[in-house]
Amino acid sequence: MEISARYTPSEVEERWYAHWERRGYFRSVPDDREPFSIVIPPPNVTGVLHMGHMLNNTIQDILIRKARLDGKNACWVPGTDHASIATEAKVVRWLREEKKLRKADLTREQFMEYAYQWKEKYGGIILGQLRKLGASCDWERTAFTMDKGYYDDVIRVFVDLYNKGKLYRGLRMVNWDPEAKTVLSNEEVIYHEENAQLFHIQYKGADGGDGVVIATQRPETIFADVAIAVNPKDPRYAALVGKQVLIPLIQRAIPVIADDYVDIEFGTGALKITPAHDPNDYEVGQRHQLEVIDTIADDGKINERCAFAPIVGLDRFEARKQMKGFLEESGNLIKIEDYRTNIGRSERTNSVVEPKLSLQWFVKMSDLGAPALKAVLDEEVRFYPPSFQNLYRNWMENLRDWCVSRQLWWGHRIPAWYLKNESLGQEIQVFVAETAEEALEKARVATGNAALSLDDLRQDEDVLDTWASSWLWPISVFDGFKQPDGEVAYYYPTSVLVTGWDIIFFWVARMIMAGYEYRGAKPFQSVYFTGMVRDKQRRKMSKSLGNSPDAIKLLDDFGADGVRYGLMSSAAAGGDILFDEKLCENGRNFCNKLWNALRLVKGWNTTEQPENEEIARKNALAVRWLNEKFQQVITQVEADFAQYRLSEALLGLYTFVWDDFCSWYLEMIKPGFEQPIDQATREATLDAFSRIMVALHPFMPFVTEEIWHQLRARREGDDCCVQPYPKSAAADNNLIARVEAAKNVITGIRDIRNQNQVKPRDPLAVTVLDSESARALFAQTGLREMVMKLAVLESLDISEEEPANAKSFITGTEKYYVALNQTIDVEAERKKLAEELEYQRGFIRSIEAKLSNERFVSGAPAAVVDNERKKLADGLARV
RNA sequence: CGGGCCAUAGCUCAGUUGGUUAGAGCGCCACGUUGACAUCGUGGAGGUCACAGGUUCGAAUCCCGUUGGUCCGACCA
């Protein structure tokens, strides 16, 4: 049968993926095997596959497939995240551009209907794309963070945390966008250095003294001032602390307080405290129990709480302009300095962000954080690479309470109901419960008013932060809240989490918190942090930069295996990947290499017996060597997997396949052109090739499955992806060393051939100078025949005499002479040998230096080096 | 400003508890190819392991400092 000279992934991948799914290989249900579980970091429900996903999911698939081959019950749970803010933004844009609708014109219910339409249309596309990559997920378990069951879990946890006092509603400084009238997350605020002015303003003493001069960028906020703060160590103001000063224009008296926060060097060393309009001032205000006066409305205009009527109703920037005049007039303006400072602007509207106090829901971090920090520091949860412990600790030791409310609609609506009973003159009361009915019941009890109805309650308009749902992922996907003793008990803790380090705080840390809070146990044994995929200029790949290759096109161009190889070959855990399509090309070439090895062995005719004894000995040695070498590689691969050194494992297999298997082994056993090969060697080769396919399968599932089936006719269900992974065993290092020595001899001869323009096929006569080591080496059965074949020799003799007209080289402790039919440049030869001699002498000197040290009593190494020295002294003598 | 991480061949990176005269891939150079594969083969060149000090018999590896890069926080009235 004619096989194409190239491997064509497109003819293979879809077919095998469908086959695997049909056979149910990816399905997992609890049984008595050891479980190996991974929950996918859920991509955005409306997202499309990008490089980061491919890297991440390739790694997960490698781990899952390896576990499956190791005989474990491998369970990979796929799913998607509703991605509150990102998805809502997409829906809003779609409504505006396609439907000509503004969110403000829709009711919540209408908006949600459109959002679900959007989700139905685009949701889950990415899951199909993961199949193209070869991801062996248990698709029957596909989860979504807004599935009914998941939604209920999120609500239940909110209520539970509230009941336990670990969740509360409080005032906090947020980033307010006065144009969009919404809160922004920190990530949506962009800071740039801009020109600004620093106003130096005098606040006169209430006792008629000079008072104090402060510096501010925002003179329009002075009417919200509640204090002037100075550093307690600042001698200039020591006498003022505790006194009162007057706010210009309105003459309201405020105290001068002392606080370490104030920088003596900056400005005048005196700071106005405006808790409503500056986050730091708010904190100072809290420390000193100061009042909060909010003088700026949601739209950025000065509101009526401002006691200085002339600026009420003006925009904050207009007010600032006018304040200059008012302050000059009153004589309070000392000077104005030009000044460069960082200004935060809204990513969306570019308007200057206004720090603003608002009521938000918070999860208390003090109780939740402690066990999560301990788990990582004690390596109860192991990080790979471990250096991320530092980053984690740094953050966990400086935890702030987690604001979980968001002013959005797409998400889990906060289960809090408010009752405002003004006739009773009461404050707003809040009732947190899983349902409105329960909240009503609570309200009735609390108020003693049985006549209250649902109409008297108003549910909180906000939804929860996306991470406040995804932190439950490892528990909720196994239904661990409703059935805590169900299958969650089998799969949890999951084996490993594979994710980018950029969400170590958002997600990883919080899953650990939730794990201890709700199951009293860590959510995963290990975390494998992937690096960021960057372009050649080290820029993070992103849609807005347009520097990200089209993932699907890459898969089409190089095949899934090629892309997987490309991503993995430079993806040490935690290290960034500078992505270059060249890497995928290497992967594609590797597939072709495998494919052509297949073509070679498939093309052989067989005979019962080897042609002669020499060939039999040579082939037997080759087969033994390959198997020993394979043991060595598998042992290393297992060690690499245990440390999550996947790139190294792949590289080891790659080198083994390319160099040992293809370049050496197949050449060793390859029969002459159109000659047959003996049955036993062919069988051994097919077996070895098959084992190699299994070993490589986790990394490159498609090509290995295809070749596995091409190698032999297999029974239904005898698939590569469900074979037992090759077991590692001790390798025969002596045999490997002897063949290694033979390879050096062959390389030496090839080198001489190369340098003297001797054609590859012209047979050469080689003599090795008689020595104990030479005899010992060639005592290995089949070795002489192996050298003769691969170096293309007509003779290989051991002799005590130096042949004439020969070039020589030394390897190990033997000296070889290659006879040539040409005159030898004696000078050049001598020079070469002199260089060799110098090298050897240098080597020996360094060893001698070591050995002459008395403190080299350090046990075994000494013996080894001593041995080394003897060998080299031997070699030196020969030269 | 505070903290983390990093600095090894032209490029991208390995180098596991300190013990080879420092490795790989790509790139480069030379030679080669009717033979599984030019998506290839055989060879080769190329490094003061950022710099300075210390510990040690021995440092790319451990410690301290300097410089440079990078990321994350606070970004300052």
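FYI, side chains are in, hydrogens and waters are out, and symmetry mates aren't considered; it's all heavy atoms of this structure. Proteins get letters first, then strands, A, B, ... in listed order; numbering begins at 1 in each.
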Could you please name the option among [options] that lies closest to any side-chain atom of [X]?
X       : options                : result
Y261(A) : C40(B), A36(B), C76(B) : C76(B)
N754(A) : G35(B), A36(B), A30(B) : A30(B)
W501(A) : C40(B), A36(B), C71(B) : C71(B)
R645(A) : U16(B), G43(B), C40(B) : U16(B)
R599(A) : G41(B), C37(B), C40(B) : C37(B)
E667(A) : G43(B), C75(B), C37(B) : C37(B)
F673(A) : G35(B), G43(B), C26(B) : G35(B)
L651(A) : G35(B), G32(B), A24(B) : A24(B)

Can [X] and [Y] be counted as having a side-chain donor-acceptor contact under 3.5 angstrom?
X       : Y       : answer
T635(A) : Q632(A) : no
N231(A) : Y237(A) : no
Q710(A) : E706(A) : yes
N280(A) : Y261(A) : yes

What integer distance in Å separates [X]:[atom1] from [N]:[atom2]?
X       : N      : atom1 : atom2 : value
D260(A) : C1(B)  : CG    : C1'   : 17 Å
L646(A) : A14(B) : CG    : C1'   : 14 Å
N756(A) : A30(B) : CG    : P     : 19 Å
L650(A) : C13(B) : CG    : P     : 17 Å
E581(A) : G25(B) : CD    : C1'   : 17 Å
W595(A) : C40(B) : CH2   : C1'   : 18 Å

Using Watson-Crick or G-U wobble geometry with both distances below 3.5 Å, tell me the partner of [N], or none.
N      : answer
C51(B) : G65(B)
A24(B) : U12(B)
U17(B) : none
G73(B) : C1(B)
A30(B) : U42(B)

In whole Å, measure the gap between the [atom1] atoms of [N] and [M] for me.
N      : M      : atom1 : value
C11(B) : G54(B) : C1'   : 34 Å
G23(B) : G65(B) : P     : 32 Å
G3(B)  : A59(B) : P     : 31 Å
U48(B) : C28(B) : C1'   : 23 Å
G44(B) : A7(B)  : P     : 29 Å
G25(B) : G68(B) : C1'   : 27 Å
G58(B) : U20(B) : C1'   : 13 Å
U8(B)  : C51(B) : P     : 10 Å

Task: Heavy-atom side-chain contact between M396(A) and L377(A) under 4.5 Å - done: no
- [ ] Could you tell me whether the side chain of V213(A) reaches within less than 4.5 Å of the side chain of I201(A), counting heavy atoms only?
- [x]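 Contact flag for I201(A)/V213(A) side chains = no.
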Hey, does the side chain of [X] come within less than 4.0 Å of [N]'s phosphate (OP1/OP2), counting only N and O?
X       : N      : value
S647(A) : C13(B) : no
K593(A) : G41(B) : yes
K670(A) : A36(B) : yes
N596(A) : C40(B) : no

Open item on the list: Looking at R320(A) and E220(A), is there a salt bridge between them, counting it only when a charged N and a carboxylate O are closer than 4.0 Å?
Closed with: yes
Open item on the list: For R218(A), is there an ion pair with E354(A) - N to carboxylate O distance below 4.0 angstrom?
Closed with: yes
Contact class for [X] (heavy atom, under 4.0 Å): base, sugar-phosphate, or nothing?
X       : result
R393(A) : nothing
C591(A) : nothing
R588(A) : nothing
K582(A) : sugar-phosphate
K272(A) : nothing
A597(A) : base
N586(A) : sugar-phosphate
T268(A) : nothing
W658(A) : sugar-phosphate

- [ ] Check if the side chain of R753(A) and the base of G32(B) share a donor-acceptor pair of N or O atoms closer than 3.5 Å.
- [x]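 Flag unset: no donor-acceptor pair detected.
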TODO: State which residue, out of L583(A), L650(A), L651(A), fulfils the side chain to side chain contact (heavy atoms under 4.5 Å, CB included) condition with M568(A).
DONE: L650(A)
Open item on the list: Applying side-chain hydrogen bond (donor to acceptor under 3.5 Å, both in side chains) to H277(A) and T295(A), what does each step give before you reach the verdict?
Closed with: CA-CA 8 Å; H277(A) 304 303; T295(A) 60; 3.1 Å; yes
Open item on the list: For a quick test of reading the model, state the closest non-hydrogen atom pair linking V533(A) to M51(A) and the distance between them.
Closed with: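 So the two residues come closest at CG1-CB, 3.8 Å.
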Task: 5' priority, RNA chain B, between D640(A) and Q755(A) [closest heavy atom] - done: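 It is D640(A), whose closest nucleotide lies nearer the 5' terminus.
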Task: N592(A) vs G748(A), nearer the 5' end of RNA chain B by closest nucleotide - done: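 This one resolves to N592(A).
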Open item on the list: For a quick check, with a 4.0 angstrom heavy-atom cut-off, what is the B/S/- contact string for nucleotides 2-8 of chain B, read 5' to 3'?
Closed with: -SSS---
